[in-house]
Amino acid sequence: MFRRIGPAGLLVLALTACGGGGGAPASAAPASDGATPAGSTTPQSPPQAEADPVLRVLKRMTLEEKAGQLFMPVLYGTAADTVSGENQARYGAQTPAKVIARYHLGGVILFPANVKTTAQVVQLTNGLQEASKKVPLLVGTDQENGLVSRMSALMTDFPGAAEIGATKDPAMSRAVARATGEELRALGVNLDFAPVADVNVNPRNPVIGRRAYGNDPSAVAKMVAAAVKGFGDAKVAATAKHFPGHGDTSVDSHTGLPVIKHTMAQWEKIDAPPFRAAVGAGVDAVMSAHIVFPKLDPSGDPATLSKPILTGLLRQKLGFKGVISTDALNMEGVRKKYGDGEVAVRAVLAGADLLLMPYDLGKAYQAVLGAVKSGRISEDRLDQSVIRLLRLKQKRGLLSAAPVASAREAAGVLRSPEHRKLAAEVRAAG
């Protein structure tokens, strides 16, 4: 089922982090819930805009709405109208629905605290879509299976990447991704922050480990490409993470800033193949890593804030044209050097399109909006990101119609006999 949107309909996104937590109290916010601040304008568009659905949507967006599309915070509550002191403290609005309206959000991230029962999650995702009056939401989560499984309370217990990699059968990877996507879609979730494309070459790695398909770049690349295609089979957007490669680190980027000393030649041989394969398979999004690669960018900035890495390597060298998402901006690996507003601005300047889970949403939103108004971020640069986000929605059939999940249909998909059989077959094969 779909909730139809009129020709003025716009788009929204929702995504999750690689394993990060929530944010912190916001210190700055737009003036009023759901209101467009005085003085905002709708930009002019070229003649071809009327012939292109994405450009028609862009044309009708205010500057404030464009800026809001880049942000994906975690919201608190099990329903769109849940009154939460946490939402009030962090975002200046009591309910998820009011936060969406207040910041013109691009998306919503689901975490275990948002998940109780199948019927409740269906009601939540439908309610979030209803709250986004102009733009259908892309609701996302981290359902890698295995160690990172946000929806595990409801979904089939599929093997994680290491177990799938042990089968040495890319068909297994595709089948699990397809089944995972089918279950997510039944719940109203249409973007997964998976698969992990890191090559686990460091046995001391505290954050990747068994979340990766293995330690052989070629084998991991085949598994990643297959998973991307599997999510596509289920009509759910996939995200390869964590670019340019988080496999050779002994520091957890949630609590510190890892440094990987691979040369460009080593990166090409070890880290790049799975991401290149993901791009070749048509991956919807790529998530950046909060790690420093001195040989790829000597500035000392993490990849999330690095134009040579996000724009130079990912966009230009690998030819990726989709959405670049940051990892969670509340993680210490990206917060060590700059303030929370400046981090958001620098991520956009580096090439990121989607700003995930900022530590201080109000401060980050105002910083990006202010940077556009001052010219530090050109409106053309902002439009590039918004267009990429809208193209993703268009690709997944979400540009003019918001999905409406059905609890009855979900009950027939979640933990189905077919899916439980698949999970058992993968474990036996590994």
Side-chain angles (χ1 to χ4, degrees), residues 15-28 67 70-74 90 198 202 205-208 241-264 267 271 286-315 324-372 374-378 381-382 385:
L15 310 168
T16 44
C18 84
S27 60
L70 274 59
F71 288 94
M72 312 287 164
V74 58
R90 293 175 186 271
D198 303 312
N202 189 334
N205 197 318
V207 66
I208 302 301
K241 61 188 187 185
H242 310 79
F243 191 82
H246 210 315
D248 189 9
T249 175
S250 58
V251 175
D252 187 341
S253 54
H254 293 89
T255 57
L257 182 57
V259 177
I260 294 180
K261 299 180 180 179
H262 290 184
T263 64
M264 180 65 77
W267 177 78
D271 305 289
V286 174
M287 178 186 281
S288 69
H290 303 329
I291 51 178
V292 174
F293 264 82
K295 299 299 176 61
L296 305 185
D297 178 359
S299 71
D301 285 339
T304 296
L305 308 181
S306 169
K307 189 169 185 178
I309 291 175
L310 296 190
T311 298
L313 289 184
L314 183 51
R315 289 263 183 246
I324 296 177
S325 170
T326 71
D327 203 341
L329 295 179
N330 61 8
M331 293 164 60
E332 287 304 312
V334 78
R335 299 185 64 237
K336 282 184 170 292
K337 194 172 179 181
Y338 305 105
D340 291 306
E342 181 68 7
V343 162
V345 171
R346 285 177 177 260
V348 174
L349 291 173
D353 305 304
L354 180 60
L355 305 176
L356 186 60
M357 295 172 61
Y359 186 86
D360 186 324
L361 174 61
K363 184 179 291 185
Y365 174 87
Q366 293 292 356
V368 169
L369 185 60
V372 176
S374 73
R376 184 180 177 195
I377 297 173
S378 70
R381 171 66 192 87
L382 178 63
S385 285

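Residues: numbered from 1 along the sequence shown.
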request  = Please report the closest heavy-atom contact between T304 and S288, naming both atoms and the distance.
outcome  = OG1-OG, 2.7 Å
task = Apply side-chain contact (heavy atoms from CB on, under 4.5 Å) to the pair Y359 and V343, showing each step before the final yes or no.
result = CA-CA 10 Å; Y359 186 86; V343 162; over 6 Å; no
key: Taking every non-hydrogen atom, the tightest pair across A347 and L355   = CB-CD2, 3.8 Å
ask   = Can any side-chain N or O of W267 pair as donor or acceptor with the backbone N or O of L296 at less than 3.5 Å?
value = no
message = Nearest 0.5 angstrom please: L310 CG to L349 CG, how far?
response = 11.5 Å
ask   = When rounded to the nearest 0.5 angstrom, what is the spacing between CD1 in I291 and NE2 in H262?
value = 9.0 Å
ask   = So, for D198 and G247, which heavy atoms are closest and what is the spacing to 0.1 Å?
value = CB-N, 4.0 Å
ask   = Is D353 reaching over with its side chain to a backbone N or O of I324, donor-acceptor style, under 3.5 angstrom?
value = yes
P258 and H246, any side-chain heavy atoms less than 4.5 Å apart = yes
ask   = How long is the span from the CZ atom in R346 to the CZ atom in R376, to the nearest 0.5 Å?
value = 6.0 Å
query = Got V286 and L314 here, is their nearest side-chain heavy-atom distance under 4.5 Å?
reply = yes
request  = State whether the side chain of S378 and the backbone N or O of G375 hold a donor-acceptor pair below 3.5 Å, judged by distance alone.
outcome  = no
query = Of all heavy-atom pairs between S306 and D297, which one has the smallest distance, and what is that distance?
reply = OG-OD2, 2.6 Å
note = Per salt bridge (charged side-chain N to carboxylate O under 4.0 Å, His left out), R335 is matched among D340, D360, D327 by D340
key: 4.5 Å side-chain heavy-atom contact, I208 and N202   = no
query = Got F243 and I309 here, is their nearest side-chain heavy-atom distance under 4.5 Å?
reply = yes
inquiry  = Applying side-chain contact (heavy atoms from CB on, under 4.5 Å) to L70 and V348, what does each step give before you reach the verdict?
reply    = CA-CA 9 Å; L70 274 59; V348 174; 3.9 Å; yes
ask   = Side chains of L329 and H290: closer than 4.5 Å at any heavy-atom pair?
value = yes
task = Work out which heavy atom in P358 is nearest to a heavy atom in F71; give both atom names and the distance.
result = CG-CD2, 3.9 Å
inquiry  = Please give me the minimum heavy-atom distance between K295 and K261, naming the atom from each residue.
reply    = CG-O, 4.1 Å
ask   = Hey, does L305 have a side-chain heavy atom less than 4.5 Å from the side chain of E342?
value = no
remark   = side-chain hydrogen bond (donor to acceptor under 3.5 Å, both in side chains) filter on D301, not counting sequence neighbours, yields K337, Y338
request  = Could you check if a side-chain atom of F293 sits within less than 4.5 angstrom of a side-chain atom of D271, using non-hydrogen atoms only?
outcome  = yes
